[in-house]
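The structure under discussion appears below in the form of structure tokens.
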Amino acid sequence: MFLSITCALCMKIDILTIFPRMFVGPFAESLIGRASQKKILNIDIINIRSFSKDKHKKVDDKPFGGGVGMVMKLEPLYYALRSVGGVRRKRNSYKKNSIYRRPYIVYMSPQGKTLDNEIVKSFTKFRHLIIICGHYEGVDERVMNYVDEEISIGDYVLTGGEIPAMVLTDAIVRMLPGVVKERDSIKNDSFYDGLLDYPHYTRPAVFRGQKVPEILLSGNHRKIDEWCAKEAYKRTKERRPDLLKK
Ligand code: SAM
């Protein structure tokens with residue numbers, strides 16, 4: 001375990017990776033760092049390599065059947081998963097609907113379901129999430145016997161699952177109660193209610209002749225709310241009409 005931030009009654013996320021140091025900066029700063037300090041979140045970064053039985057700590061091998069590239073081996077991944085309770089002895093051996101219910105296991109993969117706000121919302125209900133980061137040509141397919149869901153962050157291929165795992169973790173953590181100070185700001189965010197966010201402005205009210213919309217300086221909160229709703233709708237219609245159809 002490279003990085004461990006613990007707390008008793010909070011969401012637990014275990015990330016299995018061969019590059020644990022990639023997480024140090026992003027997870028120490030920003031909302032994730034704050035959520036860990038506030039004991040809302042408990043993140044462990046697990047180094048898959050330390051579960052390799054190979055004397056050189058190898059975690060990859062050539063693909064059966066030939067072909068280019070390497071494949072992440074099954075055994076180190078299996079033992080890493082087992083170390084965080086990700087291997088079920090018997091299905092349903094964890095008490096359902098309690099904090100002890102079984103961990104939900106996600107493999108970051110370009111072949112998975114594309115991440116969106118609905119998936120993020122649904123993931124906030126898990127008490128324990130295990131995220132597997134792949135590398136090389138991907139993982140030995142037999143790992144899928146332990147995986148509940150494959151998640152992609154878009155139709156392009158990255159070198160590894162670490163950045164996708166950070167994206168997923170960050171999006172989940174933002175939605176956990178107590179992480180973002182003003183809860184309403186999440187509800188106004190793009191996609192939360194199917195619309196894009198409205199435009200934002202701050203001081204100064206005029207910069208090099210560029211003015212802030214008059215209504216925002218009026219102090220009339222009812223009118224300001226109406227303006228925000230109208231702008232959110234207008235933006236969505238212009239930029240993402242597909243969201244309105246949904
Ligand atoms: N050969 C694989 C394919 O074409 O589906 C791509 C392997 S990629 C080079 C290595 C790892 O990066 C994957 O196993 C996955 O964990 C991660 N990865 C790459 N692109 C991703 C994406 N768009 N979303 C989520 N994970 C991704």
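Just so you know, ligand 1 is whichever comes first in the structure, and atom 1 is the first atom listed for that ligand. Because only heavy atoms are used, hydrogens play no part in the values below, and waters and symmetry mates are left out as well, while side chains stay in.
Taking a cut-off of under 4.0 Å to the non-hydrogen atoms of G138, the atoms of ligand 1 that pass are 14 (O). Atoms of ligand 1 found under 4.0 Å from any heavy atom of P164, numbered from 1 in the order shown, are 25 (C), 26 (N), 27 (C). Each of the atoms 6 (C), 8 (S), 9 (C), 20 (N) of ligand 1 lies under 4.0 Å from some heavy atom of V157. Atom numbering of ligand 1 starts at 1 in the shown order; those under 4.0 Å from a heavy atom of M108 are 15 (C), 16 (O), 25 (C), 26 (N). Every atom of ligand 1 with a heavy atom of L158 under 4.0 Å away is listed here by number and element: 8 (S), 9 (C), 10 (C), 12 (O), 19 (C), 20 (N). Per-residue contacts place Y136 under 4.0 angstrom from the following atoms of ligand 1 (heavy atoms of the residue considered): 7 (C), 8 (S), 9 (C), 10 (C). Within ligand 1, counting atoms from 1 as listed, the ones closer than 4.0 Å to a heavy atom of S109 are 24 (N), 25 (C), 26 (N). Numbered from 1 in the order shown, with element, the atoms of ligand 1 that lie under 4.0 Å from a heavy atom of I151 read 25 (C).
Rounding to the nearest 0.5 Å places CG of L217 at 11.0 Å from CZ of R203. Taking NZ of K12 as the start and NE2 of H128 as the end, the distance is 5.0 Å to the nearest 0.5 Å. Interatomic distance, CD of E162 versus CG of L16, reported as 10.5 Å (0.5 Å rounding).
Listed for the D148 side chain is a donor-acceptor partner under 3.5 Å among the backbone atoms of I105. The main-chain N or O of S152 is never found under 3.5 Å from a side-chain atom of T114 such that the two would form a donor-acceptor pair.
The existence of a salt bridge linking E226 and K223 is excluded, since no basic side-chain nitrogen approaches an acidic carboxylate oxygen closer than 4.0 Å. Salt-bridge check for R235 with E238: failed, with every basic side-chain N at 4.0 Å or more from each acidic carboxylate O. Of the charged side-chain nitrogens involved, at least one lies within less than 4.0 Å of a carboxylate oxygen, so that R174 and D189 count as a salt-bridged pair.
Looking from atom 23 (N) of ligand 1 to the surrounding protein, the closest heavy atom is Y156 O, 2.8 Å. What sits closest to atom 13 (C) of ligand 1 on the protein, heavy atoms only, is Y107 OH, 3.8 Å. Given atom 24 (N) of ligand 1, the protein heavy atom at minimum distance is I153 N, 3.1 Å. Nearest non-hydrogen protein atom to atom 21 (C) of ligand 1 is P110 CD, 3.6 Å. The protein non-hydrogen atom at the shortest distance from atom 2 (C) of ligand 1 is E137 O, 3.5 Å.
An N or O contact shorter than 3.5 Å links G154 to ligand 1 by distance. In terms of N/O distances under 3.5 Å, ligand 1 is approached by G134.
For NE2 of H221, the number of neighbouring non-hydrogen atoms (other residues, nucleotides, ligands) closer than 6.0 Å is 12 at most. Residue I163 places its CD1 atom among 12 or fewer non-hydrogen atoms of other residues, nucleotides or ligands, all under 6.0 Å distant.
Between V139 and ligand 1 there is no heavy-atom distance shorter than 4.0 Å.
When the options E150, Q111, H135 are ranked by their closest heavy atom to atom 4 (O) of ligand 1, first place goes to Q111.
Exactly one of K246, K245, R240 qualifies for a side-chain hydrogen bond (donor to acceptor under 3.5 Å, both in side chains) with D242. That residue is R240.
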